[in-house]
> 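Please find one structure pasted underneath; my questions will follow.
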Amino acid sequence: MNEIKKLGFGFMRLPRNEENLIDIEQVKSMVDEFMAAGFNYFDTARVYRGSEIAIRQTLVERYPREKYFLATKNAAWRVETREEALEQFEKSLDRTGAGYFDYYLLHNLGDSRTKKFDDFKIWDFVKEKKSEGKVKHIGFSFHSTAEELEEILKNHPEMEFVQLQINYADWENPIIQSKKCYEVARKYNKPVIIMEPVKGGMLAKPPESVEKILKDADENSSCASWAIRFAANLEGVITVLSGMSSIEQVRDNISTMKNFSGLDENQTAAIKKARDEFLKIPIIPCTFCRYCTKVCPQNVDIPRSFEMMNRMTLYGDKKFATHRGGLLANMRDGKKSAGDCIKCGRCEKVCPQHIKIREELEKVHETFGN
C-alpha cells in the first residue's frame with residue numbers, strides 16, 4: 001500500500017440533499033477526485049450520522065481495499081454497558097464493509113468520558129482486535145488538557161498515535177491547549193493525526209481583519225489553505241483531516257497539499273499575525289461537532305444558536321445573523337431555540353471545546369429573544 005498523504009478526508013460534514021440525507025452521488029465525485037490526486041486516508045465514526053454507510057457506498061464498494069487507509073472510532077461514553085461498547089466495533093465493520101480498519105480510535109477521550117473506556121476495558125479489547133488483524137493501528141482522539149493527555153499516555157504506552165484538535169487560532173488557547181497537547185504527544189513519540197485544522201469551517205471564512213492579513217500575504221491562497229498548511233507543517237504528523245462538504249473544498253485542499261513542502265518564514269509570520277488578530281474577537285469557539293445536540297433533552301440546536309451569535313458579533317446585523325443561523329428552518333424541523341434550555345448541563349460534559357454552553361445560550365436568548 002502507498003504511504004499516507006498529509007491530507008485526510010474527514011467524513012463528518014458531508015453534503016446533504018433537501019431531505020437532509022447524505023448526497024451519495026456528490027460524495028462519490030468528491031472521493032474520486034481525492035483518490036485521483038493521490039490522497040488515500042479517510043476518517044469516519046458511528047456518531048457521524050450516516051457516515052459509515054456513506055464510506056461503504058462511496059469508497060469501500062468502489063475501490064480495492066489496499067488502495068486506501070480507513071479509520072473509525074469507538075464512543076464508549078455514549079452507552080451504558082460493556083457489551084454495547086464492544087458491539088460498536090462489529091457494527092462499524094458491518095456498516096463500512098471494510099473487513100478491517102487501518103486505524104481504530106477510542107473516541108473523544110477526556111474528562112469524565114475517559115472513565116467509560118477504563119470501566120469497560122476497551123483498551124484490552126482494541127489490543128485483541130489488533131492481534132486478530134481486524135485493526136492495524138490503535139490510538140485515540142482527545143479533547144482535554146495536556147496534563148490528562150500525559151496521564152493517559154503514561155498508563156497506555158500501547159497506544160500508537162493520538163488524534164488532536166490543532167489549528168492556528170487555538171494553538172495557544174489556554175482552554176483547548178493545542179500546542180501543549182501536541183508537545184506532550186511528541187514527548188512520548190506518538191505520531192499525531194490532526195482534526196479541526198479549519199476550526200469547523202470558521203478559519204475558511206474568518207473575520208475581515210484576519211482575512212486581510214492572509215490575503216495581503218498571498219492574494220491567491222484561500223484562507224482555508226493557510227489553516228491546512230499550518231497544521232501540515234508540524235513535525236510528527238500522520239495526516240491533517242479536513243471535513244470537506246463540497247467538491248470545491250476538495251479541489252482547494254488538493255491544490256494546497258498536492259506539492260506542499262512546508263511554510264517559509266514569511267508565511268509563518270503571516271499566520272502568527274492572523275492568529276493574534278483572531279484572538280482579539282470574542283467569538284464562541286463552536287466547531288459544529290454536534291456532540292452537545294446528541295445529549296440535549298430539549299432538542300435545542302446549540303451549534304446554530306452559536307452560529308447566530310458569532311455572526312452577530314462579527315457583522316453586527318441581527319437580520320443577517322438570524323437568517324444565516326437558520327433559526328426559522330430549525331423551528332420547522334422540530335428543533336428548539338436557546339430560550340428552551342433547561343440548564344441541565346449535559347451538553348457541557350461532552351463539549352470538546354469546553355464552552356460554557358448554558359451561559360452562552362442565555363446570551364443568545366437575550367440577544368435574539370428566542
> What's the separation between atom CG in Leu106 and atom NZ in Lys73, rounded to the nearest 0.5 Å?
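So the CG of Leu106 and the NZ of Lys73 are separated by 11.5 Å.
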> From the options Tyr291, Phe142, Phe140, select the one residue that forms a ring-ring contact (aromatic ring centres under 6.0 Å, His included) with His107.
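When Tyr291, Phe142, Phe140 are each tested with His107, the ring-ring contact (aromatic ring centres under 6.0 Å, His included) holds only for Tyr291.
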> Scan side-chain atoms only and decide if Gln165 and Gln353 contain a donor-acceptor pair under the 3.5 Å cut-off.
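Judged by distance alone, the side chains do pair up.
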> To check you understand the geometry: which heavy-atom pair defines the closest contact between Gln57 and Arg62, and what is its length?
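Between these two residues, the closest heavy atoms are O-CD, 3.2 Å.
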> Looking only at the aromatic ring of each residue, does the gap between the centers of Trp226 and Tyr168 stay below 6.0 angstrom?
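No, they do not, as the ring centres are separated by 6.0 Å or more.
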> When you measure from the side chain of Lys6 to the backbone of Met257, do you find a donor-acceptor pair of N or O atoms at a distance under 3.5 Å?
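No; zero donor-acceptor contacts below 3.5 Å.
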> Measure up the Phe42 and Phe9 rings against each other and bin them: parallel (under 30°), tilted (30 to 60°), perpendicular (over 60°).
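Answer is parallel, since the angle falls under 30°.
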> Can you tell me if Arg113 uses its side chain to pair, donor with acceptor, with the backbone of Lys349 under 3.5 Å?
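Yes, the answer is positive, given that a donor and an acceptor are paired below the 3.5 Å cut-off.
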> Are Lys136 and Tyr100 in a cation-pi contact, defined as NZ or CZ under 6.0 Å from the six-membered ring centre and within 45° of the axis?
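Lys136 over Tyr100 ring: yes.
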> Tyr41 and ring-ring contact (aromatic ring centres under 6.0 Å, His included): which partner among Tyr103, Tyr68, Phe34, Phe11?
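By the ring-ring contact (aromatic ring centres under 6.0 Å, His included) criterion, Tyr41 pairs with just one of Tyr103, Tyr68, Phe34, Phe11: Tyr103.
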> Would you name the heavy atoms of Cys341 and Val300 that are closest together and state the gap between them?
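It is N-CG2, 4.1 Å.
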> Between Glu148 and Thr145, is there a side-chain donor-acceptor contact under 3.5 Å, judged purely by atom types and distance?
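Absent: no donor and acceptor within the cut-off.
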> Considering all heavy atoms of both residues, which atom of Leu214 and which atom of Ala274 are nearest to each other, and what is their separation?
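Taking every non-hydrogen atom into account, CD2-CB, 3.8 Å.
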> Which pair of heavy atoms, one from Cys181 and one from Leu149, lies closest together, and at what distance?
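Closest heavy-atom pair between Cys181 and Leu149: O-CD2, 3.3 Å.
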> Identify the two heavy atoms, one from Arg46 and one from Glu52, that lie closest to each other, and give their separation to 0.1 Å.
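Result for this residue pair: CG-OE1, 2.9 Å.
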> Taking all non-hydrogen atoms of both residues, which atom of Met30 and which atom of Ser245 are closest, and how far apart?
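Distance-wise, the nearest heavy atoms are CE-C, 3.8 Å.
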> Check the angle between the aromatic planes of Phe89 and Phe125 and answer parallel, tilted or perpendicular using the 30° and 60° thresholds.
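Phe89 and Phe125: perpendicular rings.
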> Using side-chain contact (heavy atoms from CB on, under 4.5 Å), reason through Ile138 and Met159 one step at a time and then give a plain yes or no.
CA-CA 6 Å; Ile138 54 176; Met159 292 292 103; 3.5 Å; yes
> Would you give the length of the straight line joining atom CD1 of Ile247 to atom CD of Glu33, rounded to the nearest 0.5 angstrom?
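Ile247 atom CD1 to Glu33 atom CD measures 4.0 Å (nearest 0.5 Å).
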